Q: 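Provided herewith is a single structure, encoded as structure tokens, for subsequent inquiry.
As the structure is a prediction and not an experimental result, all values here were calculated from the model.
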Amino acid sequence: MKRLRASLLGSLLALAAACGLDAQAQVASPPPGKALVVLYRNDKQPVAARVPVIVNADRLGDLGHGEFMNAVVNPGRTFLRVGDRILTTLAIQANANQTSYVLVEAVPVLTPVRVEMREMTEALARRVLAQSRPAAVAAAPPRAAAPAVPAPAAPAPRAPAAVAPLAAAPAAAPPAPRPAVPPPRPVQPSPPPAPQRQSTIAREPVAAEVEDEEAEAERGKWRVAVIAKTGAFKLATTSQTIGGIASQYDKSSKPVAAFEAEMRHQSGFAIGAEALYYKNDITAQGTTFAGQQTVLSSTVNAKYYLGGDTDMFHPFVGAGVGFAGAKFGGDLQGKSSGPSFQGMVGLDLRFSSVGLYLEYKYVSSTTSDSTNQKIKVGGSGFLAGISVDF
């Protein structure tokens, strides 16, 4: 009995070790000449819903939080689609005898469930895979077995023929003359079959589908973001001549508001448009005149965000060019306009699709009124706000 228990325990340990080694090998290395794609899901805020996974045209199964699945593909362009009613696509380049790792992350508080996908390095993927479990992979339908063809029955042995007694053969009659056989007609060779034209009808949908997949994957690399912000802004020049009268500006602008919309690429590059509004009080020196200067600066901006898709901190630098208009009210009436230039540095602290936006901005703008008088309306300041990434 003790020997039987020891033998059983050793078999179980060996089986567990073999399974562990097999699972590790399944994740680590593809078959010879093929490529392996490992999709693993790790939600920042776990979402209970499972999402279907399709690699090229094959559905692998459903993927849940803390699970992974492997796909063996041919080397080349590989298209991944994850989701049910809302599909997220990603195109990757699979190389022979190499493994690619793709992170699948569900976006919280969205119904129906939407996921984000991005290709990861092996080092980052291994940390998560060490705590993940394999997902159930959809099995291929069993093929019907071909009907067995019965073997032909062996012929029954023939009975030996009875030998008749020999008798004297009668004299043979002379053979009758055979009728003349007409010569055979020459066989006309049949014309060779016309070469079949290769149909391109079946290929066109395939090419169109590949183009649609590539276009959809490229669109998936861009996302729209809007930013609303306010803060403290101060004019660079506070003493100027307006309408021939020496005037003194209140350096601090009140109120200050800005709104920005931009397109963000996975690489970190972003381009968008911004409207900046600020207002300053003006006092005419030596008089009782008082007024206000209201500035609206509209620019087209280009930025570059540092940090990967999985990082929370995204420092950025950027610049913009556009047009500024100033309007004067109160005892000072008039308008002026001119080009506007700006530079900015800051940080976008992103929590999933919502972020805390911090920015230092410098604006340079010199406007002209109807008399061609130059008025400087630029300045600098610190702004803070909220960014929402769609």
Side-chain angles (χ1 to χ4, degrees), residues 19-44 46-47 49-107 113-141 206-207 209-223 265-267 308-311:
C19 292
L21 291 175
D22 180 67
Q24 184 180 3
Q26 185 179 5
V27 173
S29 59
K34 298 288 185 178
L36 183 65
V37 179
V38 180
L39 297 98
Y40 65 97
R41 181 171 161 187
N42 184 33
D43 303 339
K44 292 181 180 177
V47 177
R50 303 171 65 84
V51 290
V53 176
I54 299 174
V55 178
N56 291 329
D58 299 327
R59 174 168 176 167
L60 297 187
D62 295 339
L63 188 64
H65 172 63
E67 296 181 348
F68 73 92
M69 58 176 56
N70 302 334
V72 178
V73 298
N74 292 323
R77 197 75 166 172
T78 300
F79 297 95
L80 311 176
R81 290 182 290 180
V82 178
D84 188 5
R85 284 179 286 176
I86 299 180
L87 288 178
T88 301
T89 62
L90 177 65
I92 65 173
Q93 183 67 28
N95 300 320
N97 304 318
Q98 294 185 11
T99 302
S100 301
Y101 299 89
V102 176
L103 170 64
V104 179
E105 180 182 345
V107 180
V113 178
R114 192 188 77 182
V115 301
E116 297 177 348
M117 285 193 296
R118 47 191 172 272
E119 194 170 0
M120 307 296 290
T121 62
E122 181 178 1
L124 293 176
R126 286 290 182 181
R127 299 176 186 176
V128 180
L129 288 171
Q131 302 177 359
S132 302
R133 60 188 182 279
V137 180
V206 175
E209 182 178 355
V210 171
E211 292 178 358
D212 292 343
E213 293 283 357
E214 292 179 348
E216 188 175 357
E218 183 62 27
R219 287 194 298 269
K221 296 180 180 180
W222 288 93
R223 303 186 68 173
H265 194 266
Q266 279 185 348
S267 62
D309 289 339
T310 59
D311 296 336

Q: To the nearest 0.5 Å, how far apart are CD in Glu116 and CG in Asp43?
A: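 These two atoms lie 10.5 Å from each other.
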Q: Before giving the answer on side chain to side chain contact (heavy atoms under 4.5 Å, CB included), spell out for Leu39 and Phe68 the whole-Å C-alpha distance, their side-chain angles and the decisive distance to 0.1 Å.
A: CA-CA 6 Å; Leu39 297 98; Phe68 73 92; over 6 Å; no
Q: If the test is side-chain contact (heavy atoms from CB on, under 4.5 Å), which one of Val37, Val72, Val38, Leu36 qualifies with Pro30?
A: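 It is Leu36, the one option of Val37, Val72, Val38, Leu36 that forms the side-chain contact (heavy atoms from CB on, under 4.5 Å) with Pro30.
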Q: With rounding to the nearest 0.5 Å, note down the distance linking CD1 in Ile92 to CZ in Arg77.
A: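 Here the rounded value is 9.5 Å.
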Q: To the nearest 0.5 Å, how far apart are CZ in Arg85 and CG in Leu87?
A: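 Between Arg85 CZ and Leu87 CG, I get 12.0 Å after rounding to 0.5 Å.
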Q: How long is the gap from OG on Ser100 to CD on Glu122, to the nearest 0.5 Å?
A: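 The distance works out to 10.5 Å.
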Q: Do you know which two heavy atoms are closest between Ala96 and Gly33, and how far apart they sit?
A: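 Smallest interatomic distance, heavy atoms only, reads CB-O, 4.2 Å.
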Q: Heavy-atom distance under 4.5 Å between the side chains of Met69 and Leu63, does that happen here?
A: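 Result yes, sub-4.5 Å side-chain heavy-atom pair found.
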Q: Do Asn56 and Thr78 come close enough that some side-chain heavy atom pair is under 4.5 Å?
A: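 Heavy-atom side-chain distance check passes, below 4.5 Å.
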Q: Does the side chain of Arg41 reach to within under 4.5 Å of the side chain of Val82, using non-hydrogen atoms?
A: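 They are not in side-chain contact.
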Q: With rounding to the nearest 0.5 angstrom, report the CG to CZ distance, Asn42 to Arg127.
A: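 Taking CG in Asn42 and CZ in Arg127, the distance rounds to 12.5 Å.
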Q: Taking Thr88 for its side chain and Val115 for its backbone only, find out whether a donor-acceptor pair lies under 3.5 Å.
A: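 Confirmed, Thr88 side chain pairs with Val115 backbone.
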Q: My understanding is that only residues two or more places apart in sequence, or in another chain, count here; which of them pass side chain to side chain contact (heavy atoms under 4.5 Å, CB included) with Asn74?
A: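 If we apply the side chain to side chain contact (heavy atoms under 4.5 Å, CB included) test to Asn74, skipping adjacent residues, the hits are Lys34.
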Q: Please say which of Met117, His65, Arg118, Glu67 ends up in a side-chain contact (heavy atoms from CB on, under 4.5 Å) with Val104.
A: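 Running side-chain contact (heavy atoms from CB on, under 4.5 Å) over Met117, His65, Arg118, Glu67 with Val104 returns exactly one hit, Met117.
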Q: Supply the atom-to-atom distance Arg126 CZ to Tyr40 OH, rounded to the nearest 0.5 angstrom.
A: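 The distance works out to 10.5 Å.
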Q: Give the minimum heavy-atom separation between Ala106 and Val113, together with the two atoms involved.
A: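 Closest pair (atom of Ala106, atom of Val113, distance): CB-CG1, 4.2 Å.
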Q: Side-chain contact test, heavy atoms from C-beta onward, threshold under 4.5 Å: evaluate it for Asp62 versus Pro52 and give yes or no.
A: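 With C-beta onward as the side chain, the pair touches.
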